Amino acid sequence: MESSGQTNTQSAPARVIEVQHLVKRFAGAEHAIIDDLSFAVPADSCLSLLGPSGCGKTTLLRLLMGLEEPSSGVIHVAPAQAKHMSYVFQEPRLVPWRTCLENVLLPLELIHQNNQASQAYALDLLQQLGLDERLQHFPGELSGGMQMRVALARALVTEPKIVLLDEPFAALDERTRFRMQDLLLELKSRLQLQYVFVTHSIAEAVYLGDQILLMDSTGRARDWRGVDFSERNQALKLAPAFNSIVQTYSQLFSEMERNSTASGSGESRP
Amino acid sequence: MESSGQTNTQSAPARVIEVQHLVKRFAGAEHAIIDDLSFAVPADSCLSLLGPSGCGKTTLLRLLMGLEEPSSGVIHVAPAQAKHMSYVFQEPRLVPWRTCLENVLLPLELIHQNNQASQAYALDLLQQLGLDERLQHFPGELSGGMQMRVALARALVTEPKIVLLDEPFAALDERTRFRMQDLLLELKSRLQLQYVFVTHSIAEAVYLGDQILLMDSTGRARDWRGVDFSERNQALKLAPAFNSIVQTYSQLFSEMERNSTASGSGESRP
Amino acid sequence: MTKRIKAWLVEKYPAWIFLAVLLLGWEYVVAQEWVASYLLPSPTQIFQTTVELWPEIYAATLSTANSIAWGLGWSAVSGVTLALLFFAIPIVRRAVLPFCIFFQTVPIISIAPLLVIWFGFGQPTVRASAFIVSIFPILANTLTGLQETDPHLKELFRLYRPSPWQLIFKLQIPSAIPYILTGIKISAGLAVIGAIVGEFIAGGGLGSLIDAARTQQRVDLVFSGVVMSSVLALLLVFIIEVVSRVLLRGRPYLRKL
Amino acid sequence: MTKRIKAWLVEKYPAWIFLAVLLLGWEYVVAQEWVASYLLPSPTQIFQTTVELWPEIYAATLSTANSIAWGLGWSAVSGVTLALLFFAIPIVRRAVLPFCIFFQTVPIISIAPLLVIWFGFGQPTVRASAFIVSIFPILANTLTGLQETDPHLKELFRLYRPSPWQLIFKLQIPSAIPYILTGIKISAGLAVIGAIVGEFIAGGGLGSLIDAARTQQRVDLVFSGVVMSSVLALLLVFIIEVVSRVLLRGRPYLRKL
Amino acid sequence: ASPAPLVLALNWKPEPQFGGFYAAQVQGYYNDNGLDVDIIEGGSGTPTIQMLLAGRVDYAIVSADEVIIALARGGSDIVALFATYQTNPQGIMTHAERGFESIDDVLHSEGVLLWQSGLPYAQFFKKQYSPFKVVTAPYLGGIGNFQNDVKVSQQCFVTSEPLTAAAAGLKVKTFLVADSGYNPYTAVLVTQRQRWEKSPAEVKAMVAAVRSGWNNYLQDPAETNKAMLALNRAMSRETFTQSAQAQRELIKTPTTERVGEMTQARWQTLADQLLDIKVVRQPVSVDKVFVDL
Ligand SMILES: Nc1ncnc2c1ncn2[C@@H]1O[C@H](COP(=O)(O)OP(=O)(O)OP(=O)(O)O)[C@@H](O)[C@H]1O
Ligand SMILES: Nc1ncnc2c1ncn2[C@@H]1O[C@H](COP(=O)(O)OP(=O)(O)OP(=O)(O)O)[C@@H](O)[C@H]1O
Ligand SMILES: [Mg+2]
Ligand SMILES: [Mg+2]
């Protein structure tokens, strides 16, 4: 299966992210969480990451970001991009004593870019994320979905070249989620933003990813392939082509589950 | 719209939860978060709660649980049930220095029911939630979805009569999510468990709720109606009847969004 | 403002009641001669003495207060600074911290000659004494506070490759605030003792007064001095609380004390 | 075990190096007579004196160590208990806490006659002194720790209507642990001072030794006593660290120190 | 500008035992001798002699045994100039009802003796009278414990604590340490030898002023007491008066010719005694320890 995906992207332009034979094993753990994973993300391409709960998606993002050290294998991120990476954690992780706005301005302060233009951009982002009435609220006074949106704004405010997003929209209602998806696509085309997007929604993965990497619970790539749509907008989700890809993945998931239940090596037995 | 829902449940058996003219306004806030909300949950009925991000779903659950005081209005929970309520917070909220298993046993310790039978039940639950290989892990060593499942097990282990669930499955992949949904339905029929279920997935709301309450961003009930399926299993989600209800809600959401954008009173302008 | 003061008085009423009970009980115990008045004078006696010698006591209190403020101020500044240094450069901490513990236990009186010769007789030594005695709790608490910073937030900051200063001022100090404030409060009491003991040695202030009274068996005067020094400590803690509240106003989530 | 000790020695090497530098520097300063030896004896001199009078010094050290252990042990127990009491019954805290601050600032020496009459000459007074001096930091730190418990977890517990004891033992004490341990470490040093001062008052142990040496201008002996007391403090902090590590073994998320 | 004033450091608070030094100031004798003197008081633990040795002060009041000890410890040379107390005012105060007749009785009866065990005379007693029957414990000033228990005896300055005790209505009997044969000069004015060698004129003027001061104080302490009282409010006017009265015979004994005088023989005795009780380890030469001006 892996090879089928690879052919799709083999001839693509310079690779921005390249992962080879990546293995991650936590100290004291029996099994490796990520086991011999290889893939690459070319320039201008965005990756969606799918996989069952606990399969190692977050761990992979953390490895890409450099928050964890690989046990073996190679992770290579093009230097030009590596300097401008940002990360949306799975939980909002806001600084509790900073207001919504101050949380978004934090990265700008840290990279010494807290100037007027950036601040205007921050306000603009917050408005697009529907938070313009909450600027002076502390995280403890925001709803779960709002907190996640603040975290998203914080990751985008520095105009990064690569964003790693760990289920950023899981706490949002469908409508808001759709708006956010389109915001991301817009940034992608306008600012040449690339992202690696972890989600549990197959439709979302297909909608947002130029490539989709499906991990299984043994930490291997179960499937890696490119998807190509000329234009992406919410109407696409009703297109048969779109839905057939979604269906494929849905089936892959069921298959994986059946396998893991059969072999007993899976992490869950319903 | 509200009245159409009300007629459905008016003749139902004794009300377990009854909410009348509920208003909640946070100190120093301009607008009320929940504004004149009335509904009731009869015995044997489960409620799904839908609404845009930040509309007050969490706040409503907290009010039902007694974690917040209403600014005005009445909340009444039948005494027999009120004593056996539990709550799944929007974030996992695990005790960091307790292992997965110890976190689940915590409520049993607190209510002095940490006996062998309960422990066996806890282990059973954890297995059903796919966590049997993680019993001795600390929350910091679990994935986001796993943490949420531990929180779910913790809420269920005391065999409550009512569970308030705040987006418990948001961090789970589709397959795991489906399993959890069915687990919940099973507990409902086997143990006469009632739940109030907050979710952003309309399908999930329809699948799990005997009634569905849709809140809008002004904190009022936009829609409250009962849904009735003779049997609920995953196949139902493919049934036309099911999908038409999902469609209805999807439209209601779009409508709400259009309204709020038009009137400018909404919390977001895309 | 008067409203606030009123509110404060009301809030503190348990302390006032307890104070009243304590004083009455004390008075009674002494009146009944359960404890001889040459060991424990009655509150009224202490009060009379204080009124009688007010000019001297007042002057002594001012002088002691000055030394305490100086000593505590510097130990707050250098305790926090040192903690930051230790935190930033672990090898320095591992090398020097044991010696801080070491020096903390040196009774002031046994190094009095060194102190007096280095700092000079009188107030400088008193200040140094207040400083030496009060630095360690601030240092230890700040260090723990810095070390207890939420690792998740630390990770967040690290994404942006912050300078050590940024990390310290934007993350670590804010999250260490409850520790630092508690450290300063503990140190406030110690600074008072440090100043008094310093004055035993180097003269001046309440320490000198207590010392003289002690040998003259003027327990009333001893206790008058002790009460004044304790009042200073209370005042100090009160000021610390007010200042920290003002500084943290509008920052309710800088976890409260 | 020997491996561990080795690892520990290696881990602590900066301290050993610093100690060596310090001692050499000190020796040099004294040898050069930058500081007169009647003020600051050289390390070798201190060492010689210690060896020479080892039986006396050893006995005194043991006696002092006993008092310190007793005083610190009780102040840990009662400091934590009192903090729990204050925390559980806020009105008691508001009534009594100011007086704890008050009493904390009373120089032991000025109530010496009272102590001696209540506790007698000898060890009881020394223990009491170590206790009195060392209780406050534990109290204050524990109290802050209890108050700083994560409100989210508190809410979680409240769902199950826990008894105050459950809340305290399952939530508040565990989350106050870094505070409590820091408090005990601060108090360890103070207990040493308290014991020494207690021995100035009531006799026995290193305190008496230091006091007598001081009046005879035996700085070498003074420093020998001071060094021994500081060694006790270091040992104590070391023991606290080891014990807390053993107790918290397998609980890495009870935030580490 | 006028030169900085000379600093004279006391080893305790302003009390009659320093009356002459204050009298010289009150009466202007320092000025008459062309000196400008600042008196600074001491307290518990004030390292007066070390302050002098380190050159932090110009003159100091210490006791003779401290001088010998300092010389033995290899401190820079100091020289004694004026010995106020010819008879050591230190004593042992006991409750009269115990009926002690001598220090011997005190040490060999049951009870508690409060003293600073490091004091040379305590060592002297240990050597002279061991084994004791009395239990010894530290003395920290005051008479609280003494007052509380009739079994308690304590060290004292005969010019101070017995008066306090009497004022508190206690009947006491006091024994002078000097009676045991240990009798160092007390409240001795000292300075660094260097100073004496460099500016003998100043030192002579100092001694002259001090002597005038003491003569004045012995004659009529009232005016000086008033001045000291303002500096030490812990001591009452009556105690000042009584204390000044009580110390007269210790300062001016029947054999005293000039107030403050010293003899080689007495210094030698002291040095021998201190060597004998091992407070000092090697013989100290007393040839140059004082100048009798
Ligand atoms: N510090 C750690 N120590 C040990 N095991 C860990 C640690 N962190 C993560 N794990 C394990 O690694 C596995 C993968 O975790 P990860 O968070 O990457 O999953 P995930 O794919 O993000 O899951 P989810 O969708 O639930 O967020 C889990 O089984 C988890 O228990
Ligand atoms: N303590 C508070 N102080 C002030 N405002 C608050 C506080 N808590 C919540 N709010 C506000 O109440 C509103 C509703 O919050 P709530 O958490 O109930 O939303 P929600 O419907 O659960 O949203 P989500 O789906 O994003 O979780 C939000 O606008 C939030 O800003
Ligand atoms: Mg994850
Ligand atoms: Mg919510």
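Residue numbers start from 1 in every chain, and the chains themselves are labelled A, B, ... in the order their sequence lines are given, proteins ahead of strands. Quantities reported herein were computed from a predicted structural model and do not represent experimental measurements.
- E:Ser153 places no side-chain N or O within 3.5 Å of a backbone atom of E:Leu113 that could act as its donor or acceptor partner.
- Only the side chain of D:Ile109 has a heavy atom closer than 4.5 Å to any heavy atom of chain E.
- Put simply, of D:Ala36, D:Ala202, D:Ser208, the one with the most heavy-atom pairs under 4.5 Å next to chain E is D:Ala202.
- Side-chain atoms of E:Glu161 come within 3.5 Å of backbone N or O of E:Phe157 as a donor-acceptor pair.
- None of E:Trp267, E:Phe82, E:Tyr85 except one satisfies the side chain to side chain contact (heavy atoms under 4.5 Å, CB included) rule with E:Tyr185; the exception is E:Trp267.
- Looking at E:Thr84 and E:Gln17, their side chains never bring a donor and an acceptor atom within 3.5 Å of each other.
- A centroid separation of less than 6.0 Å is found between the aromatic rings of D:Tyr28 and D:Trp34.
- Looking at D:Arg218, both its backbone and its side chain come within 4.5 Å of chain E, counting heavy atoms on both sides.
- Within the 4.5 Å cutoff, the side chain of D:Leu72 has heavy atoms near those of the D:Ile240 side chain.
- When heavy atoms are compared at a cutoff of 4.5 Å, D:Leu39 approaches chain E solely by way of its side chain, counted from C-beta outward.
- Your options are D:Leu114, D:Thr215, D:Leu209, and the one with the most heavy-atom pairs under 4.5 Å with chain E is D:Thr215.
- For a residue to count as touching a neighbouring chain, one of its non-hydrogen atoms must lie under 4.5 Å from one of that chain's; by this rule E:Glu66 touches chain D with backbone and side chain alike.
- When each of E:Thr136, E:Val135, E:Asp65, E:Leu140 is checked for heavy-atom pairs under 4.5 Å with chain D, E:Leu140 comes out on top.
- For E:Gln50, the parts sitting under 4.5 Å from any heavy atom of chain D are the backbone and the side chain alike.
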